[in-house]
Amino acid sequence: MSVLDLVCYARTHSPFYKDLYDGYDSSTPLSELPVVDQAAFWAANTVRDNQVLTRAHTDGLIFKTGGTTKAPRVSFYTNDEWDAMCRTYAETLPATGLRHGDRVANLFAAGELYSSFIFALNALQRSPIDLVQLPITGSAPVEFTLSTMQDFDATVVAGFPTTLCRLAAHVRSEAGSLPSVRLVLFSGEALYDDQRALLLQAFPGAEFRSFVYGSVDGGIIGTAVLGSDDPRVFRSFVDSSVLEIVDADTGKPITSPGRPGRLLQTDLTRRLQPMIRYPVGDLAEWVDVEDGIFRLLGRADEGARVGPVTLHLDHLRAAVDRAGIAHNGVQVVIRRLDARDQLVLRIAGAAQDVSAVQAEVYVISPRFELQVGRGVVAPLAVEWVPALEVNPRTGKTVRLLDERPV
């Protein structure tokens, strides 16, 4: 589908896009259409009385993000849309380093409306390379995962970095290493040097490759670039989507390499829940504009990815407010502490009791509480400061600071 056809279809059949494009005619270029406001989009994309969908959802799949359960962000796919996405991605699998006959241990998240395990399963089934899958899931006990990988001679393991590191620690203590694993495929989080060191102890000699860059919201966004050693570099799917990098302050498109900006996606294959100029929540820069190759630079200000959990900034601010904390602003900081991601709430104001803040954060994200309890992410921290950090060019408060090493 062309961009023009998609925009016309969305404007005609989706109440949300009809309102969004009010005042714009059919000849308006994509780059001049308004960027989707995430808060407005998800307020309209509800389970009941949905204003984003273009028709009734009568076939396909429903997924939600792993960020919150009190206000879940739900994504709707038809069977044809999901199949097309999996087939499109499957054609790029050779770039990840997979080989004929590989035995792939799938440790992505399954159940509870998570998409990663099902996507990996479906995409690998459609691979142009002959593969054997071990559908283990990331929630399986590490004892079972290790014995299954040993029994069936797994050569590839795929999952979230935190899941892979939990397995690696068990491998080190129980088996020493699994030298048969030659490829580690990760997705959903960045892979840090401390994690890589642990994984290399468990899987000596293994290569590390990104499995896919995508999200429940936006679908597939980028795939590994054959021959690139930088796991942050991806190639966009130029035949099925339009990827834009825009200036974070002006919103103007960036067309030259090396300039950071917000990443926007327009998916040309999704008609049920159109995603047009949707901010995926990351910063990026072009490496090669003509070939659609870009480099991820970290999170933008829509959500904080802490280990395997996404916590949305508006929800975190609301948690502080509900805790009854008097403040002059809230800033979210992500750090590394003891080889784990840590969520820090920086609050402008006088120090107060923070127990209620922690309780409210756990209310908006029980999954974050679960990962803290498991030791996957560091405990929540609160900092009291006289004033929050601002953008030196605009004077605006920076909502999210990612202090993790690149």
Side-chain angles (χ1 to χ4, degrees), residues 35-43 65-73 189-190 215 217 248-249 251 260-263 279-283 297-338 340-373 376-405:
V35 174
V36 164
D37 177 85
Q38 280 209 355
F41 182 91
W42 293 108
T65 63
T68 63
T69 57
K70 295 297 181 182
R73 291 156 52 131
E189 309 166 59
S215 67
D217 308 348
D249 295 319
R262 298 170 70 209
L263 203 56
V280 300
D282 286 321
L283 298 173
L297 301 176
R299 295 297 292 172
D301 66 352
E302 281 82 12
R305 185 74 171 182
V306 185
V309 184
T310 298
L311 298 106
H312 300 289
L313 303 192
D314 290 340
H315 298 162
L316 289 171
R317 170 65 180 261
V320 174
D321 292 340
R322 284 197 301 270
I325 299 295
H327 64 85
N328 296 316
V330 178
Q331 198 163 53
V332 178
V333 183
I334 313 173
R335 294 183 181 140
R336 293 290 283 174
L337 178 68
D338 299 330
R340 296 176 294 173
D341 282 359
Q342 182 182 42
L343 172 67
V344 180
L345 294 181
R346 183 177 290 165
I347 303 175
Q352 300 162 62
D353 179 26
V354 299
S355 58
V357 174
Q358 181 188 68
E360 290 294 340
V361 170
Y362 287 171
V363 167
I364 66 165
S365 184
R367 191 171 184 226
F368 176 71
E369 180 181 16
L370 176 65
Q371 299 302 331
V372 170
V376 172
V377 299
L380 172 72
V382 175
E383 289 182 353
W384 303 96
V385 295
L388 302 178
E389 194 166 324
V390 300
N391 184 316
R393 186 153 62 93
T394 65
K396 296 180 180 179
T397 298
V398 181
R399 300 182 69 201
L400 176 65
L401 292 169
D402 192 338
E403 297 181 351
R404 295 171 292 189

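Just so it is clear, the model here is predicted, and its values are computed rather than measured.
A distance of 12.0 Å separates NE2 in His315 from OG1 in Thr310, rounded to the nearest 0.5 Å. Remark: Arg73 CZ to Phe41 CZ distance equals 9.0 Å, nearest 0.5 Å. To the nearest 0.5 Å, atoms CZ (Arg335) and CD (Gln342) are separated by 7.0 Å. A distance of 9.0 Å separates CG of Asp282 from CG of Leu297, quoted to the nearest 0.5 Å. To the nearest 0.5 angstrom, His312 atom NE2 is 9.5 Å from Arg305 atom CZ.
Each of Val357, Asp321, Ile364, Leu400 was checked for a side-chain contact (heavy atoms from CB on, under 4.5 Å) with Leu316, and the lone residue meeting it is Ile364. The side-chain contact (heavy atoms from CB on, under 4.5 Å) with Val332 is formed by just one residue from the set Leu401, Leu313, Val398; it is Leu313.
When all heavy atoms are compared, the tightest approach of Arg322 to Glu360 is NE-OE1, 3.1 Å.
Formation of a donor-acceptor pair under 3.5 Å by the Asp353 side chain with backbone atoms of Ser355 is found in this model. Put simply, the side chain of Asp341 gets close to the backbone of Gly307: a donor and an acceptor are under 3.5 Å apart. Under the 3.5 Å distance criterion, the side-chain polar atoms of Glu403 are left unmatched by any main-chain donor or acceptor of Val333. Side chain of Glu383 to main chain of Val344: no donor-acceptor pair is present (N/O by atom type, distance under 3.5 Å, no hydrogens or angles). Looking only at distances, a side-chain donor or acceptor of Gln352 sits under 3.5 Å from a matching main-chain atom of Ala326.
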> Going through the checks in order, is the side-chain contact (heavy atoms from CB on, under 4.5 Å) test met by Arg399 and Gln331?
Replying inline: CA-CA 5 Å; Arg399 300 182 69 201; Gln331 198 163 53; over 6 Å; no

> What do the steps show when you test Ile347 against Val354 for side-chain contact (heavy atoms from CB on, under 4.5 Å), and what is the final call?
Replying inline: CA-CA 11 Å; Ile347 303 175; Val354 299; 5.9 Å; no

>> If you apply the rule side-chain contact (heavy atoms from CB on, under 4.5 Å), what do you find for Trp384 with Leu345, and how did you get there?
In response: CA-CA 9 Å; Trp384 303 96; Leu345 294 181; over 6 Å; no

> What do the steps show when you test Ser215 against Asp217 for side-chain hydrogen bond (donor to acceptor under 3.5 Å, both in side chains), and what is the final call?
Replying inline: CA-CA 5 Å; Ser215 67; Asp217 308 348; 4.9 Å; no

> Should Leu388 and Arg346 be marked as a side-chain contact (heavy atoms from CB on, under 4.5 Å) after you check the CA-CA gap, both sets of side-chain angles, and the distance that decides it?
Replying inline: CA-CA 8 Å; Leu388 302 178; Arg346 183 177 290 165; 4.0 Å; yes

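A 4.5 Å side-chain heavy-atom check between Pro260 and Leu283 finds every atom pair outside the cut-off. A 4.5 Å side-chain heavy-atom check between Gln358 and Pro379 finds every atom pair outside the cut-off. Taking the side chain as every heavy atom from C-beta outward, Leu263 and Pro279 never approach each other to under 4.5 Å. Residues Phe368 and Val372 meet the side-chain proximity criterion, which asks for heavy atoms closer than 4.5 Å. Using a 4.5 Å heavy-atom cutoff, the side chains of Val320 and His327 are in contact.
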